[in-house]
Amino acid sequence: QEVTLKVHHWGSPKSPQHVSMLVPWCEKVAKDSNNRIKCDVFPSMQLGGSPPQLYDQAKDGVVDVIFTIPGYTAGRFPLIEAFELPFMATTPEATSRAAWEFASTHAKDEFKETKLIAVNVNGPCNVYTVKQPVRTQADFKGLKLRAPNRQTSSMLAMLGATPVGMPLPGIPEGLSKGVIDGAIVPYEIAPSIKLDELTKFVAETDRTQPAMCATIFATAMNLAKYQSMPADLRAVIDRNSGLETSAMFGRTQGDADVPARKKIAEAGVKINVIPADELNRWRKATDALDDQWAAAITAKGQDGKALLQAARDLVKKHTK
Amino acid sequence: MTGVEQGAVIGVLMLALLALRVHIGIAMLAAGSIGYVWVSGLGPLLKYLQSAVYARYSVYDLSVVPLFLLMGQFATHGGLSRALFQAGNALIGHWRGGMAMAAISACAGFGAICGSSLATAATMGQVALPELRRQRYSPRLATAAIAAGGTLGILIPPSVPLVIYAILTEQNIAKLFMAAFVPGIIAAVGYMVVIGIIARVSPEQAPAGAPLPWSQRLRALVEVWPVVLIFLVVIGGIYGGIFTPTEAASIGALATAFVAWRSGGLKGRGFLECLYGTAAATGMIFLIMLGADILNVFLALTMLPKELAAWVTGLGIPPLGILATIILIYLVLGCIMDSLSMLLLTIPIFFPIIMGTDFWGLADDPKAIWFGILALMVVEIGLITPPVGMNVFIISSMARDVPMIETFKGIVPFLVSDLLRVLLIVFVPSVARVALKL
Amino acid sequence: MADVIVDEVHSHHHGPAGRLLIATCKAFAVGAGILLILMAAMSLASIVGRTFLGKPILGDYELVQVLCAVAVSMSLPYCQIARGHVIVDFFTTRMPASVNRVLDVAAGLLLAGLAFVVAWRLAIGMVDLKRTGDASMLIGFPTWVAYAPMVLSFVLLGLAALFIARDDLRKGVA
Ligand code: NA
Ligand code: NA
């Protein structure tokens, strides 16, 4: 018996997510199953719908496997959002392991309607600006910055900036029209949205410190499709999902930062590193966000404080 | 059955439904749904329909479409077309064929604040047609000039089909608008040259008017200030990097509403008529968009666009042969289909082919913009080609004493100008990029 | 293109049910237009905010998306009742009028059927989105709220198609 999986995601066919994560995952699955599991990978939302709908496409069986950003839909995956809190994530690989462990224990209910393949975070975010560099917290004041997710948006407000919401492809236009003064993304995405041409400064955080922000990603499979497969093929999927797959995805996305950073630097964008003591000030200024998150979780009937601690402990455990 | 064969079967089914008078959007939706069930099953289709409509209709960039349509309605009810025509006529009406040229220039001016061709043809027909007839222009030239001039509504930005192209191919709307500007001006000048030649060859068709004193000319020119202002704010704002297209369309809609209100155009049922007109045009476009979405997802599932692109680029046909074939397909389809449906139907198939072929060594983005302008030009020709030429239809409905065949005959020289312009852009792609480099 | 030639919608030829349907379609069209004007006003407010106060409206992109989806859906029924949806009539112009009538009735029924299917699926989708608490990213606008007017719009589109089909049928008989 042969199975063909329709794999759907929003990234371009040239994105690291497509080239270095999903296609290799498919090749690995094909190899482990002696070519009895095959994938058709559809990038760029070719099978319709919008990125926030990807998770439901896997849940409902419109497609078989999806790669998405849970934070696209606020309120849907509140627990896993803990890993998007400021200064939570360490290295992408370690944080992805922690996120997987958290998702498969504490946040199990959030993903119970699909067969979860992986949960990972990307590399640490940086602040790209057009007019002036960001060196201290005071520099945030009055800056209109595009935030990648809800937690980062709140964080920016606490630092004194004005968060602006717009889809990722809108960033180049937003920058050139002054709708935003800058954007917050990891290196890996920056060249694809022309930040190497459109911005002049990057504030990179001291990499020995936790990341100021990160975005969490999920790869999920339709449950019925998984259950309909024979036991040996299910075992192949099991072998290619979980802690190690999450770690691999996190590492891959983090590794993509390296060539992108080089490209940014070569384009003449000035990189300045925010030292640990300044970062500590930012962390204090945004501490309330942790409490807000915990309070929101507690309001939903779970122990927010304990869950926050659990997430922190897991990151610590997996970070060597 | 291979994906390409499945795609072909469903394509034929869709064309059959079209021929049997099914609405274009519904023909795509029905054929696409059958194809979807064939490839993926009924369950996935029903699940997909839960979210497809919202996904299709909630695209940020797409919001400029209803906004530009609303803006066009306000402009029509605000009497701006009359002011434009009178200004043009005051300036060049005394030339041979001058009044028809003034109608063309007014179409171009109206096109600069209106995103649709039929609206441009309709409003200019109401304003200019009676005047041209009174001046004893031949019915053939009078009707043809306005039908052709109406296409400037879309050739000159803002332009609804360009928005759709931008979204389908993930290109920048502002850049496409900018790129369309110079070719749009060339189109207007080309039509004026055609009228000038006709006026020379058969002067009885296009008499000259009496020159006006300069005081009157100035007064007529002053009357067009709202158009100039709105154009500067909207298109200037997009070009100048001040607004996103959605913001520019928002400001444009509010500004034209203000002008229409000041001129008394919103009195009585005027305001409601604007909203009804917007709803009718919006509804028509977005039903087609929904149908095209399902059909295109089905095509993606069959991998037809990918395989076809690989096959065509592997044939070793010279690039210009591929381009000529695509243009020919558009011209043939344009005889019976409308431009938006054509773009929605074909761009997902043709675009990968174009991007996989080398044209004049163009890089990806310039090539995508160049092909967008080219596609816009050729699909717009369909508005004035028989048997189904929507612009000719609307002008005919206003000049019932002129047989439609007369108008189609009068269109021929304008078509020649269109084809020459297409050739110009094919061979000199930089024409479509002049404004981008400024 | 992006244009449409519409028939004038005359209520007085029809019975009370027909008149109510036409009035509802018109009300939806007016509602769509007002939402578009609101959307434009909000964009303007956001521009003013970011230019003069340094603060755009938070979530303006998300609100435009929601308003656009609702306004566009609410335009669909009016377009149908005004016979504004485009058809290709080239192949059938030389056929007898009665054949064209039959085809038009069939096309109308097909449109009605598909509109009701879409409305049904949208309703299911709405319930599912409400259950899962789906909301927009920054301001947390609940997605299901936008679905409610869309469901009604597609039901109304189906009814409008049935109404026009019945009208065609009558003309065919007469
Ligand atoms: Na235009
Ligand atoms: Na035609």
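Letters A, B, ... are given to chains in the order of the sequence lines, protein chains preceding strands, and every chain is numbered from 1. Both backbone and side-chain heavy atoms feed into the values below; hydrogens, waters and symmetry mates do not.
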Separation of [Y] [atom2] from [X] [atom1] (nearest 0.5 Å):
X	Y	atom1	atom2	value
B:Ile347	B:Ile167	CD1	CD1	13.0 Å
A:Leu143	A:Leu156	CG	CG	9.5 Å
B:Met71	B:Leu254	CE	CG	10.5 Å
B:Ile353	B:Ile326	CD1	CD1	5.5 Å
B:Leu69	B:Thr282	CG	OG1	4.5 Å
A:Leu47	A:Asp40	CG	CG	9.0 Å

Original post:
Taking 4.0 angstrom as the limit, do A:Arg76 and A:Asp56 come out as a salt bridge?
Top reply: yes
Subject >> Sidechain N-carboxylate O distance under 4.0 Å for A:Lys262, A:Glu266 >> reply: yes
Subject >> Derivation of the ring pair (Phe, Tyr, Trp, His ring centres under 6.0 Å) call for B:Phe359 and B:Phe371 >> reply: CA-CA 10 Å; B:Phe359 289 99; B:Phe371 181 65; 8.1 Å; no
**OP:** Say whether B:Asp293 and B:Tyr57, considering side chains only, have a donor N or O and an acceptor N or O under 3.5 Å apart.
**Re:** no
**OP:** Give a yes-or-no answer on whether the side chains of A:Tyr55 and A:Thr73 include a donor-acceptor pair shorter than 3.5 Å.
**Re:** no
**OP:** Indicate yes or no: at least one non-hydrogen side-chain atom of A:Val202 is less than 4.5 angstrom from one of A:Lys270.
**Re:** no
Original post:
Any side-chain heavy atom of B:Ile349 sitting closer than 4.5 Å to one from B:Leu299?
Top reply: yes
Original post:
Hey, is the main chain of A:Glu81 close enough, under 3.5 Å, to the side chain of A:Glu84 for a donor-acceptor pair?
Top reply: no
**OP:** Considering only heavy atoms, give the residues of residues 301-309 of chain B separated from chain A by less than 4.5 Å, sorted numerically, with 'none' for an empty result.
**Re:** B:Leu301, B:Met303
Subject >> Residues of residues 23-46 of chain B contacting chain A, heavy-atom criterion under 4.5 Å, by residue number >> reply: B:Tyr36, B:Ser40, B:Pro44
Original post:
Among residues 4-19 of chain A, which ones touch chain B with a heavy-atom distance under 4.5 Å?
Top reply: A:Lys6, A:Lys14
Original post:
Residue by residue, which of residues 169-189 of chain A have a heavy atom closer than 4.5 Å to a heavy atom belonging to chain B?
Top reply: A:Glu173, A:Ser176, A:Lys177, A:Val179
Original post:
What residue in A:Pro51, A:Ser44, A:Gly48, A:Pro167 has the most heavy-atom pairs under 4.5 Å with chain B?
Top reply: A:Gly48
**OP:** Any chance you could lay out the ring pair (Phe, Tyr, Trp, His ring centres under 6.0 Å) test for A:Phe67 and A:Phe217, step after step, and finish with the verdict?
**Re:** CA-CA 7 Å; A:Phe67 172 72; A:Phe217 300 82; 5.4 Å; yes
Subject >> Side chain / backbone / both / neither for B:Tyr48 at chain A, heavy atoms under 4.5 Å >> reply: both
Original post:
What part of B:Ile173 lies closer than 4.5 angstrom to a heavy atom of chain A: side chain, backbone, both or neither?
Top reply: neither
Original post:
When you look at NZ of B:Lys367, are more than 12 heavy atoms from neighbouring residues, nucleotides or ligands closer to it than 6.0 Å?
Top reply: yes
Original post:
By a 4.5 Å heavy-atom criterion (distance strictly below it), what part of A:Gln53 contacts chain B: side chain, backbone, both, or neither?
Top reply: side chain
Original post:
Which is it for A:Asp64 and A:Lys115 under the salt bridge (Lys or Arg N to Asp or Glu O under 4.0 Å) test, yes or no, and what are the steps along the way?
Top reply: CA-CA 10 Å; A:Asp64 303 315; A:Lys115 158 82 181 164; over 6 Å; no
Original post:
Which word best sums up how the rings of B:Tyr165 and B:Phe351 line up, parallel for under 30°, tilted for 30 to 60°, or perpendicular for over 60°?
Top reply: perpendicular
